[in-house]
Amino acid sequence: MKTTRERLLEIYRLLLNSLGPQHWWPGETPFEIAVGAILTQNTSWSNVEKAIANLKAAGLLDASKLHALDPEELATLVRPAGYFRVKAKRLGNFLTWLCDRYDGDMQSFEGIPTGRLREELLAVSGIGPETADSILLYALNRPVFVVDTYTARVMARHGLIGEELDYPQLQDLFTSNLEPDVALFNEFHALLVMAGKNYCKPRPHCSGCPLESLGVIPGVRNSTR
DNA sequence: GACCAGGCACATC
DNA sequence: GATGTGCATGGT
């Protein structure tokens with residue numbers, strides 16, 4: 001009988017072998033990654049790219065400059081990302097926190113415990129668990145496992161989880177069975193997203209998925225948190 | 001034209 | 001505490 005840890009690592013290897021390294025997160029600076037994390041909420045990355053390109057072209061991919069920008073102009077720039085009024089507001093909330101508390105400099109996070117940083121991010125209206133964790137892992141290299149709808153769908157589709165788990169439960173499945181390894185967490189989440197995009201689509205039923213041969217992970221239904 | 005996309009806050013029961 | 005709804009562009 002394989003342990004949950006062994007099953008998870010088997011999934012990881014299967015995905016990595018078939019899909020290859022994903023080189024996440026697409027973004028040149030921690031700030032760009034954080035902006036992308038907010039803009040990609042329930043939105044395809046191709047749309048986010050257009051919005052970030054607008055910000056770059058305007059020379060505004062900078063916390064202080066964006067913070068000083070007229071909110072309506074910000075909304076116009078991020079329009080291609082969808083939900084643009086909501087996202088402009090959320091970006092503004094993030095910028096206010098970052099500029100007021102950390103002088104707009106994400107380098108200032110160094111030395112701050114991950115747990116405290118997570119709490120502060122979650123206190124920003126518009127930043128939920130996935131966005132906070134994406135920023136922590138991909139922008140700040142903190143060992144936090146990011147889960148999302150793809151993660152839940154891929155795992156459920158292949159019978160690896162027996163029911164719908166909420167965010168903390170799903171996250172706990174990974175973090176309590178894997179060592180806190182930034183590189184592993186980075187690649188694993190990216191691979192699960194790619195598997196979700198390319199194979200485990202909502203419909204039609206996934207086919208050709210690297211995980212089709214897998215069985216059920218026992219004992220994850222009562223994962224606590 | 002329907003469906004989907006790397007969520008989140010808020011209203012309502 | 002659970003469930004429902006608004007938010008919006010752009011690709012398939």
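Below, read A as the first sequence line, B as the second, and so on, with proteins coming before strands; counting in each chain starts at 1. Every value quoted in this text rests on a predicted model; they were computed, and no experiment measured them.
For DNA chain B, the residues of residues 119-141 of chain A within the heavy-atom distance limit of 4.0 Å (strictly under) are A:Val124, A:Ser125, A:Gly126, A:Ile127, A:Gly128, A:Pro129, A:Glu130, A:Thr131, sorted by number. Within residues 39-47 of chain A, the residues that have a heavy atom under 4.0 Å from DNA chain B are, in order of number, A:Thr40, A:Gln41, A:Asn42, A:Thr43, A:Ser44, A:Trp45. Within residues 183-197 of chain A, no residue has any heavy atom under 4.0 Å from DNA chain C. Remark: A:Arg90 in residues 81-92 of chain A come within less than 4.0 Å of DNA chain B through at least one heavy atom.
When the side-chain contact (heavy atoms from CB on, under 4.5 Å) test is applied to A:Asn177, the partners found at least two apart in sequence or on another chain are A:Thr4, A:Arg5, A:Leu8, A:Leu173. Residues that satisfy the side chain to side chain donor-acceptor pair (under 3.5 Å) test with A:Thr40, not counting sequence neighbours, are absent from this structure.
Atom pair A:Glu49:CD and B:dA5:P shows a separation of 17 Å (rounding to whole Å applied). A:Asp166 places its CG atom 13 Å from the P atom of B:dC8, with the value rounded to the nearest Å.
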Q.
For a side-chain contact (heavy atoms from CB on, under 4.5 Å) check, start with the C-alpha distance between A:Asn54 and A:Lys50, then their side-chain angles and the critical distance, and finish with the verdict.
A. CA-CA 6 Å; A:Asn54 285 345; A:Lys50 301 178 203 307; 5.5 Å; no
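Residues A:Val154 and A:Tyr199 are not in side-chain contact: their nearest non-hydrogen atoms beyond the backbone lie 4.5 Å or more apart.
Between chain A and DNA chain C, the heavy-atom contact criterion of under 4.0 Å yields a 5' to 3' nucleotide range of C:dC7 to C:dG11.
Ring planes of A:His189 and A:Tyr138: tilted class, angle from 30 to 60°.
Annotation for A:Val86: hydrophobic cluster partners, listed by chain and number, are A:Tyr83 (ILVMFWY side-chain heavy atoms under 4.5 Å, direct or chained).
Within the structure, every pair that satisfies the ring-ring contact (aromatic ring centres under 6.0 Å, His included) test and touches residues 89-133 of chain A, not counting sequence neighbours, is listed here: A:Phe94-A:Trp97, A:Trp97-A:Tyr102, A:Trp97-A:Phe109, A:Tyr102-A:Phe109. Applying the salt bridge (Lys or Arg N to Asp or Glu O under 4.0 Å) test to pairs two or more places apart or on separate chains, those with a residue in residues 84-105 of chain A are A:Arg101-A:Glu120. For the side chain to side chain donor-acceptor pair (under 3.5 Å) condition, no pair includes a residue of residues 64-74 of chain A, sequence neighbours left out. Listed by first and then second residue, the side chain to side chain donor-acceptor pair (under 3.5 Å) pairs that reach into residues 122-134 of chain A are A:Gln41-A:Thr131, A:Arg118-A:Asp133, A:Asp133-A:Tyr167, A:Asp133-A:Gln171, sequence neighbours excluded.
At a threshold of 4.0 angstrom between heavy atoms, the contacts of A:Thr151 with the nucleic acid are absent.
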